[in-house]
Amino acid sequence: MSAILIAEDEPAIRRLLATILTRGGHEPAFAENGREALAIVERGGIAAVLLDLGLPDRDGLEILSAIRSRHDLPIIVVTARNDTAEKIAALDLGADDYVTKPFDGDELLARLRSALRRAGHAQQADMPMRFGPIVLDGARHEVTCRDAPVTLTPREFAVLQALVEAGGRVLTHAALLERVWGKAHVADVDYLRVVMRALRLKLERDPAQPALIRNEPGIGYRLAD
Ligand code: CA
């Protein structure tokens, strides 16, 4: 079994994370600083990393990009504050997800499971993709939701495709805007709001209480199962 690396300098939080991971059937491994974390990942046998961004020796985002530049494994960032800018930076540097302290153990395990699942199946390009009730066929430009065909505009389709490909991971506003509208529009968050409203009307059971397309305030969007 591969281990989940806990990169965290505070002993109490290390212990708490280890307890949560063990309860979820994972084997924990430990690093107290960034240098150690990088060395352990290099050694191999690590399935995913829970990375505290406030480590004593090196900037957390620097450690994140150092791991990401060499490895594909899921990285879930653990942030102390509800620091939106830091979360966005982490996601844009390739973090798979984030949790904010104090975190809920079950939520952490759910995020970890879904990150590991995504890492497990590399998408086959021509196959229809699924997420929850959505089936999206990129080759035919067709979408069904709860087995009913859904008609989308090209922008709506492109946004939904990005979200389905992310498989539950948060996509930042800038990442979605760049992908669908291009680099010149990375700040045009209103474009996204319009498309999300339309997608929710077409896909959600109750568009007033969206359960499928989730807003992460100030950060971006994700699909939820
Ligand atoms: Ca810390």
Side-chain angles (χ1 to χ4, degrees), residues 1-120 166-175 214-222 224:
M1 184 169 77
S2 310
I4 308 297
L5 178 62
I6 300 170
E8 168 65 65
D9 57 316
E10 288 172 59
I13 296 178
R14 266 204 311 274
R15 277 196 300 276
L16 173 62
L17 285 170
T19 307
I20 294 170
L21 287 179
T22 308
R23 177 156 62 77
H26 304 285
E27 181 198 332
F30 303 95
E32 294 179 22
N33 55 50
R35 187 182 40 78
E36 228 173 75
L38 289 170
I40 291 171
V41 169
E42 284 308 311
R43 216 180 296 150
I46 297 296
V49 182
L50 301 180
L51 177 65
D52 173 26
L53 286 185
L55 289 172
D57 58 335
R58 282 178 70 180
D59 177 61
L61 295 174
E62 213 181 282
I63 299 166
L64 167 63
S65 49
I67 298 175
R68 179 51 80 234
S69 67
R70 308 174 54 127
H71 301 275
D72 257 346
L73 80 186
I75 303 171
I76 296 178
V77 158
V78 181
T79 60
R81 292 143 292 150
N82 218 332
D83 185 337
T84 304
E86 190 175 62
K87 287 175 186 169
I88 291 175
L91 292 168
D92 284 340
L93 283 173
D96 291 82
D97 211 334
Y98 58 82
V99 290
T100 306
K101 296 178 198 169
F103 39 77
D104 176 76
D106 290 329
E107 185 189 348
L108 175 71
L109 287 173
R111 299 259 175 111
L112 178 61
R113 270 196 306 277
S114 90
L116 289 168
R117 206 164 44 229
R118 282 193 301 273
R169 188 162 55 85
V170 185
L171 293 179
T172 62
H173 295 138
R214 306 293 282 270
N215 183 31
E216 299 284 334
I219 297 176
Y221 294 91
R222 71 160 92 219

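These numbers were taken from a predicted model, which means no experiment stands behind them. Start at 1 and go down the list; that is how both ligands and their atoms are numbered. Basis for what follows: all heavy atoms, side chains included, without hydrogens, waters or symmetry-related copies.
- At a cut-off of 3.0 Å, Leu53 is not counted among the residues with an N, O or S atom near the Ca ion (ligand 1).
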Before you tell me yes or no, could you show the steps for Thr172 and Lys87 under side-chain hydrogen bond (donor to acceptor under 3.5 Å, both in side chains), namely the whole-Å CA-CA distance, both residues' side-chain angles and the distance that decides it to 0.1 Å? CA-CA 9 Å; Thr172 62; Lys87 287 175 186 169; over 6 Å; no
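- Salt-bridge annotation for Lys101 and Glu8: present, with a side-chain N of the basic residue lying under 4.0 Å from a carboxylate O of the acidic one.
- Leu73 and Asp96 get closest at one heavy-atom pair: O-OD1, 4.0 Å.
- The salt bridge (charged side-chain N to carboxylate O under 4.0 Å, His left out) test with Asp97 is passed by exactly one of Arg222, Arg113, Arg169: Arg222.
- At least one N/O/S atom of Asp9, from backbone or side chain, sits under 3.0 Å from the Ca ion (ligand 1).
- Nearest N/O/S atom of Asp52 relative to the Ca ion (ligand 1): this is OD2.
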